[in-house]
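Since the model is a prediction, treat every value here as computed from it, not as a measurement.
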Amino acid sequence: MTEFLSSPIAYLKGVGPQRASWLSKEWEIHRIQDLLQLYPYRHIDRTQIISIKDCREEGSFVQIKGILRRLEQLGEGSKKRLVGVLRDETGSIDLIWFTGISYLYKQFVIGQEYIIYGKLQSFRDQFSISHPEMEPLLTENQALPSSFYPMYSGTEKSSKVGIDNRFLRKVIKGIIERLYSDSLPEVLPYHIIKNHNLISSLHAFEWIHFPKNQNELDAARARLKFEELFFLQLSLLQLKFNRRETVIGYNFTKIGDYFNTFYHQMLAFELTDAQKRVLKEIRRDLATGKQMNRLLQGDVGSGKTVVGFMTMLMALDNGFQALLMAPTEILAQQHYAGLSIYGEQLGIQVAFLTGSVKGKKRNEILAGLENGDISIVIGTHALLEDPVRFKNLGLAITDEQHRFGVEQRSKLWHKSKPYPPHVLVMTATPIPRTLAMTVYGDLDISVIDTLPPGRKPIQTVHKNENHRLWLIGFMKEQIKAGRQIYVVYPLIEESEKMDLNNLMEGFESLSREFPNPHFGISMVHGKMKPADKEWEMQQFVKGNNQIMVATTVIEVGVNVPNASVMIIENTERFGLSQLHQLRGRVGRGADQSFCILMSSFKLSTDSRERINTLVRTNNGFDIAEADLRLRGPGNLDGKQQSGTIQLKLADLSKDGPILEVAREEALAILNIDPTLSQIEHKGLKYTLNQTKEALRGWGRIS
Ligand code: ADP
Ligand code: MG
């Protein structure tokens, strides 16, 4: 980038100190480059002239050719205004100005033909335009302002300090003229420009602001989006490369008895190809001598736990300890219940540690971890607390947890010396590929993309209050057939009281339909004491109770294969990926499973589409794509926890293909020159450093 572009905007002619400080304070526009990158939010086709009789759509921008018929100053004091009437062959329209009245009054000529441009307003069926742009038509063949006009998102506040469309157009035009005379250097390597048919940097900047037609605008957007995503990927990938180079990890050289015994003698099912592939990827990471940082994505029920457990066995086979951290007590319990059985058979000590483990028991566990008697510990965030010390922690797995915050990450890393433990993060919230490349761009990613065989796809239906009787009948039928049922209510903090009431009412009315002693109903919600929750859960897990009424506390991880019906109340209040998670609680056994989405009659378009998506597909990745489309990338879970990436032009929900190409090109360059120190990459490095500045505060996963 040129020196010119990095200088403060106050240096620009026509900006001045007052506007410069306003722009800097309000819009974070400090340097000339920032102003250049203030892209128009849309363009207006100024090649078209419209007749006055066709001016119909309030709020639309129109260009009209006509003769100024009247012009008078009306009103007094603050009500003072200048009103004109413009007429063409088809009708007339009012033009109104509230400022600069006496100057403009002298400026305009009655009887003169003008091309005017502005936003249509309507007042009592009469159209008018305030502060139109006026251009006198002096000769018969005078060219129209033959271009697309950029519109910038000025506000009333900004126009008070003189920062409006007209001003922005003028200064940005000035910047671009200057770039032409300075000859702006190209930041992308020539082969990339050529291979992807991109236009030059200079043209891109000119045409994103001042295209002559749609084609120029499209070409400019394509180039600048590419550039934006390219530098984003370059910086993320470089982070990853750096870590791979610099962060030494334990070298797990062998596969030993624990792993082999489990795999060959204990495992009751054949691993899916996807599970085998992922285990190979992990195995390879662990034997490089560098620290592993891998994200394992897999739809609910795809069998991540066993992969995680086998990874722990690799650590144990090499003489290390392993931990598994879950986001909730219930989920940690569930993992412990399953894995401690394996542990017993293998002769491994597996411990359970959460905030609720106290006193003597807790001290025993802490001692066992420190002297190495305990090989595997399963728990919640409590595992990160200072008193939890290990003899030699070689592996940390987190389940259903997207990212560690910076602080947690550092705590985890310090649990092991001299090197940080290998890290495996398992998540059941599938993230679309494009988003994963960005949010987790600095991580290695493994995907389990198939479900274990023999699962019958869950049947999902959408019902409303009219079907309540049918629903009760259906539940009775299923219970008679030996199945168990979840009934889930939304609970969000803002309406917690009301939500809890709903849950209680639901529980009571179900208790009437399914009375003791023939039936049993568990109730679980986040406001209960852990011990009560646990007891209620266990009644359901053991099969003593047939129905479990719950809030979303059961969202993550609970595994009761005999539960084959998921009923969701007020479905419209849940997010799409959350619904998918909930549905994933069923369909785990051999029986046909059902998911029944109850909602009110009236639904917003978005809610309807969310529900239809669930009815249509069981595929978590399809659902994640739909979620991205419906909500935009800013709201996805993974993103929320990762800080925001401010993209100026690119849209992750639409520009996946560009992102992929940009990533490949970035990768190709880093493979040859990871530090970008070759002379031909000097420009890249410079721009990259600036991108990184913009990405500061970007939390990394572990
Ligand atoms: P998730 O990926 O949602 O954590 P789990 O690890 O809880 O899924 O696995 C879901 C169920 O599938 C468990 O009961 C598990 O024992 C079983 N399972 C895992 N892998 C296989 C497989 N390859 N074949 C058959 N069942 C499997
Ligand atoms: Mg799981």
Indicate the atoms forming the closest heavy-atom contact of Asn318 with Asn251, along with that distance.
OD1-O, 4.4 Å
To the nearest 0.5 Å, what is the distance between CG (Leu229) and CD (Glu665)?
13.0 Å
Polar contact flag, side-chain donor to acceptor under 3.5 angstrom, Tyr258-Ser375
no
Less than 3.5 Å apart, any donor N or O on the side chain of Thr427 or Gln297 sitting next to an acceptor on the other?
no
Is the distance between the ring centroids of His422 and Phe252 under 6.0 Å?
yes
Only one of Tyr419, Tyr250, Trp413 clears side chain to side chain contact (heavy atoms under 4.5 Å, CB included) with Gln291; which?
Trp413
Distance-minimising heavy-atom pair for Ile378 and Ala332:
CG2-O, 3.6 Å
Do other residues, nucleotides or ligands put more than 12 heavy atoms under 6.0 Å from Asn392 CG?
yes
Quick one: CD on Gln238 to CG on Leu688, what's the gap to the nearest 0.5 Å?
5.5 Å
Leu296 versus Val278, closest heavy-atom pair with distance
CD1-CG1, 3.7 Å
Testing the basics here: between Asn619 and Asp299, what is the closest heavy-atom pair and its distance to 0.1 Å?
C-OD2, 4.0 Å
Charged N-O contact under 4.0 Å between Glu370 and Lys415
no
Would you confirm whether Asp34, through its side chain, and Arg31, through its main-chain N or O, come within 3.5 Å as a donor-acceptor pair?
yes
What pair of heavy atoms forms the shortest contact from Ile365 to Phe352, and how long is it?
CD1-O, 3.3 Å
Any Ser235 side-chain heavy atom under 4.5 Å of Leu239 side chain:
no
Apply side chain to side chain contact (heavy atoms under 4.5 Å, CB included) to residues Leu279 and Met310 and explain how you reach the verdict.
CA-CA 8 Å; Leu279 274 167; Met310 291 173 78; 3.9 Å; yes
Taking the side chain as C-beta and beyond, is there a heavy-atom pair between Leu366 and Arg389 under 4.5 Å?
no
Which of Leu395, Asn293, Thr398 passes side chain to side chain contact (heavy atoms under 4.5 Å, CB included) with Val423? It is Asn293
When you compare the side chain of Phe226 with that of Leu198, does any pair of heavy atoms fall below 4.5 Å?
yes
How about Gln678: does its CD atom have over 12 heavy atoms from other parts shown lying under 6.0 Å from it?
yes
Quick check: are there more than 12 heavy atoms from other residues, nucleotides or ligands sitting under 6.0 Å from NE2 of His414?
no
So does Asp317 pair up with Lys254, basic N to acidic O under 4.0 Å?
no
Checking side-chain polar atoms at under 3.5 Å, does Gln275 have a donor or acceptor matched by the opposite partner on Asp273?
no
Hey, what's the ring geometry for Tyr263 with Phe259, parallel, tilted or perpendicular (30° and 60° as the breaks)?
tilted
Between Val187 and Glu227, which heavy-atom pair has the shortest distance, and what is it?
CG2-OE2, 3.6 Å
Checking the side chain of Arg663 only, and the main-chain atoms of Leu237 only, is there a donor and an acceptor separated by less than 3.5 Å?
no
Less than 4.0 Å between a side-chain N and a carboxylate O, is that true for Asp285 and Lys290?
no
Between the side chains of Ser356 and Glu329, is a donor N or O closer than 3.5 angstrom to an acceptor N or O?
yes
Measure the acute angle between the ring planes of Phe262 and Tyr342, then classify it against the limits of 30° and 60° as parallel, tilted or perpendicular.
perpendicular
Distance, nearest 0.5 Å, that separates CD of Gln345 from CE of Met266
4.0 Å
So does Gly301 get a backbone contact from the side chain of Arg455, meaning a donor-acceptor N/O pair under 3.5 Å?
yes
Do NZ/NE/NH1/NH2 and the carboxylate oxygens of Glu536 and Lys542 come within less than 4.0 Å?
no
If I take atom NZ from residue Lys225 and atom CG from residue Asp655, how far apart are they, to the nearest 0.5 angstrom?
3.5 Å
